[in-house]
Amino acid sequence: MKSAALSAAILLAFGSTADAQIAKGATKFLGNITHQSKVRTDFATYWNQITAENECKWEVVEPSRDNMNWSGCQAAYDAAKTGGFPFRFHTLIWGSQVPGWLASLSTAEQLAEIEEWMDLAAARFPDVAMIDVVNEAVTGHAPFPHIAALGGAGTSGHEWVIESFRMARKRWPKAKLVLNDYNNLRWNVDDFIAIAKKVKAADPKIIDAIGCQAHDLSATTGQYTNPEMTAGALTTVLKKLNDQVGLPIYITELDLSYESDAAQEAAYKALFPIMWESPYVAGVTIWGYVYGQTWNQAQYSGLIKNGADRPAFTWLKQYVASKPNVTNPLPLTPVSVTPRQASIGSAKEPRLELSKDGNRVEAVFERDGGAVRTDVSGKR
Ligand code: XIL
């Protein structure tokens, strides 16, 4: 039997299990999301990438005009910093959870607000690893409702998507910029491919990857009644996306929702390895992990039920541990950038800074008598 001293020595040598994430040291990340607007204390026990489930969405951050609440988004970002793993900003331009107050503004004012929203996010999170720049642009999904502000359909039919990416790239030269959507592994694959190709054709430097939410893989209970996708069909569509778009793929919101433990385990065993081992997939994010508390369209997707691992989770842990060296088309290196406010301007020239309350971008002019600050939010 181990003595207490020996146990303590082992703990010192190998670290506590608190940060022994499932994919730690692997070539791809295995991430998850915040839970009820918070980072669970056990998050870094399992996951080495984080996305805020709702807290970085525009409506949540700016529920009324210029009334910013970054706290939840910041907490997810801070957890990534503390844990030393990547943060995905979800999302900049989307038709759901978009501020209602935008609708009453003129097109020019809407554009100024979009500029300000991106400026504030970039000033706060200059070194974010990945950004879902545009979410759910496919017609019939949830395209941004105020596309005229971004150039509308234009000749390509999706000028507003392209412009969103151009604007994001200006602010985040190094982040992986992602076009994210659902039903792009089945049902609406070609519609999605067409948009991704247009962005890449407009400028290959403004888009780094595509995101497949992967809510569409299966569901026999809950609101979805899709038959489970076969492993063969999933393999085929990942290759098709790669062949036709030619960009790495992130699985961004995976949920395999089954009330039955056995059915969930079988689905994980059949489908997860296809994504994890795909040479086209750069990382996988699961959309929640606490049974009964995941989003309402995948209510049985949780992996921990009543404090105990479900069989799918037990399997997932040992599977990922056994496959640490899988091909990654887009390995992430920590993004290191000088914050914009520190990099722009010398002492005598204006520089950009985030206001104290974090709600505005200000130009700061150093004068003999002290600094003069001017609100330049939304101005370029
Ligand atoms: C969902 C959240 O999980 C819910 O809590 C919220 O009520 C609605 O949004 N596609 C997306 C995610 O890109 O942001 C959605 O998240 C799920 C579908």
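Because the structure is predicted, anything quoted here is derived from the model rather than measured. Numbering of ligands and ligand atoms starts at 1, following listing order.
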For Phe144, which residues count as a ring-ring contact (aromatic ring centres under 6.0 Å, His included) partner, sequence neighbours excluded?
-> His146
Arg166 bridged to Glu159 by N-O distance under 4.0 Å = yes
Sort out the contact shell of ligand 1: every protein residue with a heavy-atom distance below 4.0 Å, listed by chain and number.
-> Glu53, Asn54, Lys57, His90, Trp94, Gln97, Asn135, Glu136, Gln213, His215, Glu253, Trp287, Trp295
Note: Asp127-Lys81 ion pair, threshold 4.0 Å (strictly below) = yes
Please collect all disulfide (SG to SG under 2.5 Å) contacts where either partner lies in residues 73-123, sequence neighbours excluded, each pair once.
-> Cys56-Cys73
Electrostatic pair Arg186:Asp216 at N-O distance under 4.0 angstrom = no
Residue pairs involving residues 80-190 (criterion disulfide (SG to SG under 2.5 Å); sequence neighbours excluded) | none
